[in-house]
Amino acid sequence: MKKLIFFLISLLTVTHLSVADEGMYLLNDLPLKEMRKAGLRMRVSLDKETGYPEIAAGIVNLNGSSSSFISSEGLLLTNHHVAFSGIQQVSTLEDNILENGFLAQSRNEERHIPNFKAAITISFEDISDEILHALSDEMDPVARYDSVEYRIKRVIAREEKVNEKILVHSFYHGKSYYLIRRLEFKDVRLVYTPPRALGEFGGNIDNWMWPRHTADFTLLRVYADSLNNPAEFDPQNVPYHPKKYLTLSAKGLQPGDFTMVLGYPGRTQRYLTAREAAFTLTVEYPAEIQHDTFLIGLMDSLSVNDPEKALKFASRIKGLNNYKKKYEGMLDGLKKKDIIAEKIALEKELLENSPLHMKIDQILQQLDSLQTEYEASYFYRKRFNTLQQDPRLVSNASMICRWNNEKQKPDLERSRGYQARDYDALKQRLMYSMASYEEILDKLLLNHHLLASLQAPENERFPFLDSLFSDIPNEWLPQAVSAFVDSLYKNSKLADPEYQVSLLNLPADAFNSLQDPLISFGLMLETQAEKFRQEDKKRAGEKMVLMPRYFDALIRSSNKPLYPDANGTLRYTYGHIKGYSPADAIWYNPFTTLTGLYEKDQGKYPFYVPDALKEIQVTPNTRPYYDERLHDFPVNFLHDVDITNGNSGSAVLDKKGNLVGLAFDENYEAITSDWIYDDDLTRAISVDIRFLLLLLKDVEKAETLLNELTILY
């Protein structure tokens with residue numbers, strides 16, 4: 001009866017909430033008035049350098065996802081799935097941290113995670129005038145693209161300093177450009193992670209779903225040199241002392257409570273044209289689902305009775321499953337909403353009501369023409385991309401070849417990602433990719449993609465491949481391709497990561513004289529890839545003129561402010577604790593509990609509850625994490641904030657700015673939020689911070705770690 005009363009109160013509370021405000025806002029342009037009306041009760045003091053709220057100094061970009069400082073000793077909180085690949089890197093079959101979990105009993109036991117970077121945004125500056133100055137709409141598209149790229153690289157070269165990373169991002173589809181300065185740390189170490197059974201409880205079955213019962217959290221620590229500056233990994237480094245860290249609150253939440261999320265959302269596409277949307281939904285997403293299904297099936301078949309391969313492939317399979325299910329959910333949701341019809345109606349309204357009627361008509365026609373070009377070569381390009389990127393050694397050979405081609409140019413003329421400043425990052429990409437390398441998988445993938453390319457329609461084949469197999473009858477192609485692949489891998493030294501890195505440093509003549517067959521193959525691929533890049537430049541250069549005009553029309557016709565699409569920069573969103581109705585006669589409460597987790601237990605992956613968790617009782621030690629309203633320990637919760645990929649690991653704050661949760665997912669019905677925000681359905685799924693504290697206190701007995709935190713009870 002008590003739970004029924006709580007449900008009714010929850011429902012009544014939620015129905016009286018104000019409509020959530022969609023948007024991933026830039027932190028120097030916050031809707032403070034609306035935020036206060038929604039429930040914000042903290043003082044917002046601005047940092048003089050960034051123009052951001054001071055609290056943002058505690059928000060950290062971690063390898064493209066989100067995290068936050070929660071102690072003065074550089075302790076970093078993020079998702080288990082964000083740290084998953086790093087946990088995999090430091091795991092072995094003999095010491096399988098990924099499966100068993102890990103808690104460092106002292107600082108000396110913390111495990112360095114190679115290739116993990118933690119970056120703090122320290123300045124944000126509008127440089128649109130410098131990037132766009134004197135560019136005319138009549139310029140050759142490639143020249144315009146190259147000019148913008150050159151100016152961006154010039155700004156980066158001028159502004160970048162030791163220990164800082166400079167980024168230049170476009171906003172509003174090329175209307176404006178901002179310089180973002182980040183402090184980047186390369187010594188990141190694992191402190192605590194739950195066993196995989198809890199860290200991804202429910203596995204891919206529960207992924208993107210509600211109700212959810214996942215301990216999706218991990219603790220890391222950022223280290224610096226003795227002067228508190230970023231440094232390469234060194235045992236002598238000391239914990240970093242951040243300018244700001246977050247206070248945790250165990251006071252709990254209830255339906256209707258204000259929440260806000262600070263993090264680094266990756267990419268949304270809410271301003272695509274109807275034509276672009278139609279092709280994405282009818283062609284691109286189904287093709288991605290098919291490709292991911294193939295890769296997952298191949299790795300599953302290779303690792304089913306092989307624990308070593310299973311560990312090696314774990315992160316790659318997890319990532320593919322995540323995106324495959326997301327694409328499936330977006331297809332389901334966007335078809336139900338008929339997003340294409342909505343966009344057609346929007347464009348019709350623009351044509352009828354915009355004061356720039358004729359110009360909008362021309363812009364839409366030109367964008368349509370560019371989309372026709374893109375669609376005509378889509379499968380041709382996709383076949384090439386899978387050939388070049390799926391096999392690890394082929395992908396790395398191509399990167400090495402491109403690096404050696406680019407480094408012959410003056411630095412400012414080299415492509416971004418292949419300048420001198422990118423050497424360390426490229427080296428880390430090579431090393432990271434080899435963590436999941438397995439020769440048999442690589443050869444199977446290359447064999448499959450070569451055959452697919454050679455057996456494609458004549459107008460979709462690649463001349464450089466045809467020339468390699470020109471004398472082979474079709475019926476003998478499978479044997480010839482298999483022999484070719486075997487020869488590539490047998491006679492190449494690229495399986496050695498150190499050898500790969502050594503090739504980045506070779507003089508041009510030494511590199512060109514290499515006899516490694518995979519390098520020779522990589523050079524062939526790069527010749528074709530460069531042709532595609534030149535075509536991309538032309539389209540991108542034309543869109544640099546068209547999209548800002550299209551966006552101007554959207555601004556004029558909209559009855560509310562438009563925010564820029566997510567692009568990996570620091571953003572803010574807010575909303576309230578709120579359940580939802582996914583279908584007729586169904587209502588989802590906004591909280592899950594430990595009892596619900598126990599009820600899912602099947603004694604095996606992905607629904608396995610370790611015995612230590614089953615022993616939790618309400619005691620004086622655990623009482624602070626018990627919710628009297630729920631009559632249970634909280635696990636996960638829902639709120640109607642606007643997030644996407646990249647927000648994983650984002651801090652969830654209450655109305656006073658205290659950390660109350662950790663964002664990690666969206667609900668299946670709202671995976672469409674990359675495209676549209678729906679007040680009724682869009683929800684973020686977050687871990688209740690009390691679940692983390694409960695595990696640290698009662699299961700791990702991690703008193704030293706708990707004493708490091710500032711917790712409000």
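Note that the coordinates shown come from a computational prediction; the quantities given were computed from them, not determined experimentally.
- Here the closest heavy-atom approach between residue T644 and residue A566 is recorded as CG2-CB, 4.4 Å.
- Across A38 and F258, no two heavy atoms sit closer than the pair O-CD1, 3.5 Å.
- Looking at D665 and W210, their side chains never bring a donor and an acceptor atom within 3.5 Å of each other.
- Among all heavy-atom pairs drawn from T672 and G329, the shortest one is CG2-O, 4.4 Å.
- Neither side chain, H169 nor T569, offers a donor N or O lying under 3.5 Å from an acceptor on the other.
- Counting non-hydrogen atoms of neighbouring residues, nucleotides and ligands closer than 6.0 angstrom, the CD atom of Q290 reaches no more than 12 such neighbours.
- Closest approach of S673 and T268 over heavy atoms only: O-CG2, 4.5 Å.
- For the side chain to side chain contact (heavy atoms under 4.5 Å, CB included) criterion with L367, the lone passing option out of L272, T372, T273 is T273.
- For the residue pair N321 and N207, no side-chain donor N or O sits within less than 3.5 Å of a side-chain acceptor on the partner.
- K543 approaches P548 most closely through the heavy-atom pair O-CD, 3.7 Å.
- Residues Y172 and Y563 place their aromatic rings such that the two centres sit no closer than 6.0 Å.
- Once rounded to the nearest 0.5 Å, the distance linking NZ of K336 with CG of D338 reads 13.5 Å.
- A side-chain N or O of S648 and one of H81 form a donor-acceptor pair less than 3.5 Å apart.
- Residue R267 places its CZ atom among 12 or fewer non-hydrogen atoms of other residues, nucleotides or ligands, all under 6.0 Å distant.
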For residues 173-180, tabulate all N or O donor-acceptor pairs below 3.5 Å that involve a side-chain atom, not counting sequence neighbours.
residue, atom, partner, partner atom, Å
H173, NE2, D565, OD2, 3.3
K175, NZ, D552, OD1, 2.7

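- For Y378 and F279, the distance between ring centers is under 6.0 angstrom.
- A distance-only check finds no donor-acceptor pair linking the side chain of D390 to the backbone of L445 [under 3.5 Å].
- The aromatic rings of F84 and H80 sit perpendicular to each other, their planes meeting at more than 60°, with 30° as the lower class boundary.
- For the pair K538 and Y145, the cation-pi test (distance below 6.0 Å, angle within 45°) is failed.
- Results of the salt bridge (Lys or Arg N to Asp or Glu O under 4.0 Å) test with D642 over R270, R683, R571 single out R270 as the only residue that passes.
- Heavy-atom minimum distance, K655 versus L40: O-CD1, 3.6 Å.
- Ion pairing between D678 and K337 holds under the 4.0 Å rule for side-chain N and carboxylate O.
- A ring-ring contact (aromatic ring centres under 6.0 Å, His included) check over residues 316-343, counting only residues at least two apart or in different chains, returns the pairs Y285-Y327.
- In this structure, F124 and Y52 have tilted ring planes: the angle between them lies in the 30° to 60° band.
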